[in-house]
Amino acid sequence: MSRALPPDTPVASSPDALEAPLRKAQPCLWTNPACQAAPAPGALGPAEVQAAAQRFERAAGLLAKVFPELAASAGRVASPLRRTAHLQRALGLDEEAGALWLKCDHLLPVAGSVKARGALHEVLELAERLALAHGLIAPGGDLSALAEAPARALFGRHEVAVGSTGNLGMGVGLIARALGFRARVHMSRDAKAWKKARLRAHGVEVLEHAGDYARAVQAGRTAAAQDPLCHFVDDEQSRSLLLGYSAAAGELQAQLGAAGVVVDAEHPLFVYLPCGVGGAPGGITLGLRQCFGAHVHCFFAEPVQAPCMLLQLRAGLGADRSVYDIGLTNRTEADGLAVAQASRLAAGLMHERLAGAYTVDDARLLCDLVRAHDAEGLRLEPSAAAALSGPLCLTSSVAGCAWLDAHGLSAHLAQTTHIAWTTGGALLPDAEFDAFVQRGRALLAAEHQGEPHASV
Ligand SMILES: *Cc1c(COP(=O)(O)O)cnc(C)c1O
């Protein structure tokens, strides 16, 4: 038996019904009453999403030159879409509840996570802007010349900086270095040691700060503001990052088409996206709502100790909300999702576009990480495993079933496509991954013996 939510999970029947489970860090599902079939135009529109996709196309030749691992795909940055019937069974999702697919961003080249999309786009946009200003390329043209000596000499005088818990720093640092920029990553002191070591091995300067992710971002922002030759990739505010993620939507649409998967009113699409600050899942949701309109329903997955986007959207956009406000710790094994306060940019865009959000505890993350490994041979990090409990959470919880009924979706469940977006894991060192698997197996064994999850 594997249930996303215990049978006694409170129902979101009134706005306040979620207050207690959220405070107690219990898994829950929130559905968004403000979500619209036709949302009002937001801060970023279709033209900007399209421009990001076109930038990736112009950069293909450059990327194939600069990254050996992109030579095989001719510089195209893309991840596989996989039908995962074995994992569907292991997760306990009935055939009548639809079909489970994974969008495997944990296999994305260069960064081994969804961050490759945002980081590549922002560093490419910066490089293009600098090269244009120095007359090294023509507007709207191919970017291959950015691999040549004059461009590299120019980039070597500039620095790219970022504040990060890990994966964004990894993406931005490695990509900036590959194009010839100097790179500096501000991390919280408790960020994983292997990530710091790997960045340093690639010539990235790593600065460590006390406090959480937001403190590292603030420290980086302040330092960068004093240096005109430094570009700061701002995870909490960047439009370029968010647009880089949005380009994934067109990629998925083409893959679904090639696989013969129909998306329409009778064949709805559900997408489950792990959420930290909200840029990656927000950008992808923005793009998906443009591609599929009202037929796609996006849900964010957040740790029980760090449901920052759920809290923000549930409260409305009037005032900033932090997970610390309700006594949560922001501590989780899902380090990519350990964010106390959501991005205002992402929250504003999601207000009318996001179907809902659910929370997952660390025990569930580790169990699902093992299930994905055993059923499909996947190597996910805990953050990515947060996507996997989404389909069951929606289709078997009282709150989820009520929402499906209210939106006329229950009747189409058997023809539903569920896509869990597995956002990272490929770069995890063996020892790290094996340790997660070991802990997950112990939890699963205890679960089979009927014990409740002990502390992780
Ligand atoms: C960063 C990250 C996310 C979430 O992206 P945000 O832009 O922070 O919301 C999800 N999964 C993984 C593995 C990540 O590294």
Side-chain angles (χ1 to χ4, degrees), residues 79 102-108 110-119 121-122 162-174 185 187-188 191-192 195 212-214 216-217 233-246 248 271-287 298-303 306-310 312-313 323 330 332-347 349-350 354 357 360 365 368-369 372 378-388 390 420-428 432-433 436:
S79 72
L102 301 188
K103 181 62 176 150
C104 299
D105 270 10
H106 65 284
L107 297 177
L108 273 180
V110 182
S113 81
V114 65
K115 299 296 191 307
R117 301 181 184 277
H121 183 259
E122 178 146 355
V162 64
S164 167
T165 48
N167 283 344
L168 182 66
M170 191 89 83
V172 169
L174 299 182
V185 178
M187 286 183 151
S188 47
K192 305 274 184 199
K195 293 186 178 174
D212 70 358
Y213 152 88
V217 173
V233 176
D234 198 321
D235 200 16
E236 292 176 332
Q237 304 175 0
S238 168
R239 298 157 66 98
S240 186
L241 270 182
L242 198 136
L243 288 168
Y245 298 123
S246 76
V271 184
Y272 308 92
L273 297 144
C275 175
V277 75
I284 293 168
T285 298
L286 176 70
C298 297
F299 287 85
F300 285 1
E302 300 190 294
C308 63
M309 188 63 83
L310 192 165
Q312 184 65 62
L313 293 181
V323 305
N330 194 25
T332 167
E333 283 298 343
D335 56 347
L337 314 183
V339 177
Q341 195 172 306
S343 146
R344 288 190 135 261
L345 173 66
L349 287 164
M350 291 305 97
L354 190 67
V360 196
L365 293 179
D368 284 350
L369 180 150
L378 304 181
R379 286 174 69 98
L380 303 182
E381 58 183 271
S383 296
L388 300 179
W421 210 287
T422 52
T423 44
L427 293 190
L428 271 188
E432 299 277 329
F433 182 71
F436 287 136

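Whatever order the structure lists ligands and atoms in, that order sets their numbers, starting from 1. The basis for the numbers below is simple: all heavy atoms, side chains too, and nothing from hydrogens, waters or symmetry mates. Sequence positions, counted from 1, serve as the residue numbers for this chain. Note that the structure is predicted; figures quoted are calculated from it, not measured.
Atoms of ligand 1 found under 4.0 Å from any heavy atom of G336, numbered from 1 in the order shown, are 1 (C), 2 (C), 3 (C). Near N167, with a cut-off below 4.0 Å to any heavy atom, the atoms of ligand 1 are 13 (C), 14 (C), 15 (O). Atoms of ligand 1 lying under 4.0 Å from at least one heavy atom of P274, given by number and element, are 4 (C), 10 (C).
Closest heavy-atom approach to atom 9 (O) of ligand 1 among the candidates G424, A346, G278: G278.
Side-chain contact, S79 with K103: a donor N or O sits under 3.5 Å from an acceptor N or O.
G276 N, 3.4 Å is the protein heavy atom nearest to atom 4 (C) of ligand 1. Counting protein heavy atoms only, atom 8 (O) of ligand 1 is closest to V277 N, 3.0 Å. For atom 14 (C) of ligand 1, the closest non-hydrogen atom on the protein side is K115 NZ, 2.8 Å. Closest protein heavy atom to atom 5 (O) of ligand 1: A280 CB, 3.4 Å. Counting only heavy atoms of the protein, atom 12 (C) of ligand 1 lies nearest to T423 OG1, 3.4 Å.
Across all their heavy atoms, F300 and T285 have their closest contact at CE1-OG1, 3.4 Å.
The closest side-chain heavy-atom distance from L337 to S383 is below 4.5 Å. W421 is listed as a side-chain neighbour of V271, based on a closest heavy-atom distance under 4.5 Å. Taking 4.5 Å as the limit, every side-chain heavy atom of H121 sits out of range of all side-chain heavy atoms of Y245.
The distance from the CG atom of L273 to the CD atom of E302 is 11.5 Å, given to the nearest 0.5 Å. Here OG of S164 is found 8.5 Å from CE of M170. Values are rounded to the nearest 0.5 Å. In this structure, the separation between CD on E122 and CG on D235 is 9.5 Å, given to the nearest 0.5 Å.
A cation-pi arrangement is found for R379 relative to F433, the charged atom lying closer than 6.0 Å to the ring centre and inside a 45° cone about the ring normal.
Not a single N or O atom of D235, backbone or side chain, sits closer than 3.5 Å to an N or O atom of ligand 1.
The shortest heavy-atom distance from C275 to ligand 1 is under 4.0 Å. Taking a 4.0 Å cut-off on heavy atoms, L168 fails to register as neighbouring ligand 1.
Contacts with ligand 1 closer than 4.0 Å are made by no heavy atom of H106, backbone or side chain.
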